[in-house]
Amino acid sequence: MEKQTNNSVPLDIAAISDLGDRAGSQIAILSLDTAIAGVPKTIPVFVDRKAGSVSSVADLFERYREHPRRKSGTANVSTLDSLINIIDRHKTSDSVIFANTDWQKPSITAVFDYHENTSGGRADNLKHRAHYEFPLSEEWKAWAKINGKPLEQVEFAEFIEDHISELSAPDSMEAEDFRGKFGFKVAYPNELVALSRGLQVHAETRVKNNVVLQTGEGEITWDEEHRDAQGNKLTVPGMFILSIAPFFMGDVARIPVRLRYRVVGGKVNWICQLYRPDVHITQQVMRDLERVSRETELPHFQGTPEASA
């Protein structure tokens, strides 16, 4: 609708109204009368008078952000000392430590932005973390690879030869303890080496019989007569001891290994069975967890956080 003025200049009333609406659009501040946990007390919004709507302007501000609103992400460290150092760098009074004690894939995780340490305290994001996966040593991985796996005579003999340095003599308490539990002798390293070298001699011959002696050891006799220094009978101990560090650059542990054999088609298959490997791994994880907790002065738990990173 147009209207004539005294000087006969037409006026567009709708356009003037539209300009007024546009001029009235603005950025306003909304505020809460009652506080809501985790929500800011005031927020900026754009009031569009023409459209009759209110919209967020947060994205406009976010474009110019120079730093993230909060810390987030997971730092993966390769040593326990690095884990301790990075925890000391970022920890707060609410930070905590979790340990996964699964012996096949143990780890320790620090959650820096954990929930407030008070009854009914404020929830936090659980998005800022440091993670340490225990790196298994090459020695442990080698023995774990053959754990419970049947080996032919040559395979077993060569494996023992390659890992002689990892064998350890049982002390008197170990020898008595395992003899009492299982009724057989624990081998000394030289006895196991002698056994493996004797097996190489008999690699292509068939087993005649095998018996269990009163001492609990096994004895194997082969069909073919051999005129070597060891003769054709081999005494088989029921267990031997490893002295290796389960984790790379970690503490050395004494790990018993059961030694079994099975006669298959006239030949012998050998089986090495790590005795309670979960116990040795878990004990080491718990010792390291206690150390991290002690040196960082943070509480620790066995398990995983209730939310993912």
Side-chain angles (χ1 to χ4, degrees), residues 1-78 82-100 105 107-133 292 296-309:
M1 179 181 66
E2 294 184 351
K3 182 178 180 181
Q4 298 291 328
T5 62
N6 291 333
N7 56 5
S8 300
V9 177
L11 295 178
D12 189 335
I13 302 301
I16 293 173
S17 176
D18 183 61
L19 287 172
D21 288 340
R22 289 180 181 275
S25 298
Q26 62 179 338
I27 292 178
I29 301 297
L30 292 184
S31 60
L32 288 172
D33 292 331
T34 303
I36 300 175
V39 176
K41 187 176 180 180
T42 61
I43 58 172
V45 295
F46 177 69
V47 180
D48 188 340
R49 294 185 181 278
K50 180 179 180 182
S53 63
V54 176
S55 58
S56 170
V57 295
D59 290 342
L60 296 176
F61 287 93
E62 287 295 329
R63 296 174 191 176
Y64 299 95
R65 180 178 291 282
E66 296 180 354
H67 302 283
R69 293 182 61 189
R70 62 178 64 91
K71 296 178 181 179
S72 63
T74 300
N76 293 287
V77 298
S78 56
S82 291
L83 178 66
I84 293 170
N85 291 337
I86 201 167
I87 290 176
D88 281 337
R89 181 182 179 90
H90 294 289
K91 69 182 180 182
T92 71
S93 58
D94 299 315
S95 300
V96 296
I97 302 168
F98 286 91
N100 181 357
K105 198 173 183 181
S107 64
I108 296 178
T109 300
V111 182
F112 300 115
D113 54 342
Y114 200 65
H115 309 309
E116 278 189 348
N117 184 25
T118 57
S119 177
R122 184 183 64 186
D124 214 326
N125 294 283
L126 282 68
K127 297 296 184 182
H128 187 210
R129 307 183 179 196
H131 184 70
Y132 171 67
E133 288 192 7
V292 174
T296 61
E297 300 180 332
L298 291 181
H300 64 275
F301 308 92
Q302 294 184 50
T304 56
E306 58 266 51
S308 59

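What you see is a predicted model; the values in this text were computed from it and never measured.
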Does CZ in Arg65 sit with more than 12 non-hydrogen atoms of other residues, nucleotides or ligands closer than 6.0 Å?
yes
Looking at Glu62, I'd like to know if its CD atom is crowded, meaning that more than 12 non-hydrogen atoms belonging to other residues, nucleotides or ligands lie closer than 6.0 Å.
yes
Can you tell me how far [atom2] of [Y] sits from [atom1] of [X], rounded to the nearest 0.5 angstrom?
{"X": "Thr296", "Y": "Ile87", "atom1": "OG1", "atom2": "CD1", "result": "5.0 Å"}
{"X": "Ile108", "Y": "Leu83", "atom1": "CD1", "atom2": "CG", "result": "6.0 Å"}
{"X": "Phe112", "Y": "Ile97", "atom1": "CZ", "atom2": "CD1", "result": "9.0 Å"}
{"X": "Phe46", "Y": "Ser56", "atom1": "CZ", "atom2": "OG", "result": "12.0 Å"}

Is a side-chain donor or acceptor of [X] paired with a backbone partner of [Y] at a separation under 3.5 angstrom?
{"X": "Ser82", "Y": "Ser78", "value": "no"}
{"X": "Glu116", "Y": "Arg122", "value": "yes"}
{"X": "Lys91", "Y": "Leu298", "value": "no"}

Closest approach of Pro299 to Ser95 (non-hydrogen atoms, all atoms of both residues):
CD-O, 3.7 Å
Please report the shortest heavy-atom distance between Pro44 and Val57, naming the atom on each side.
O-CG2, 3.5 Å
Can you list the residues that meet the salt bridge (charged side-chain N to carboxylate O under 4.0 Å, His left out) rule with Arg70, with sequence neighbours excluded?
none
Sequence neighbours excluded and cut-off under 3.5 Å, please list the side-chain donor-acceptor pairs for residues 302-309, or say none.
from   : atom 1 : to     : atom 2 : distance (Å)
Glu306 : OE1    : Tyr114 : OH     : 2.9
Glu306 : OE2    : Tyr114 : OH     : 3.1
Glu306 : OE2    : His115 : NE2    : 3.2

For Thr109, give me all partners under side chain to side chain donor-acceptor pair (under 3.5 Å), at least two apart in sequence or on another chain.
His131
By side-chain contact (heavy atoms from CB on, under 4.5 Å), which residues pair with Asp113, not counting sequence neighbours?
Val111, Asp124, Asn125, Lys127, His128
Can you name the ring pair (Phe, Tyr, Trp, His ring centres under 6.0 Å) partners of Phe301, sequence neighbours left out?
Phe98
Please report, to 0.1 Å, the donor-acceptor pairs under 3.5 Å made by any side chain of residues 31-38, with sequence neighbours excluded.
none

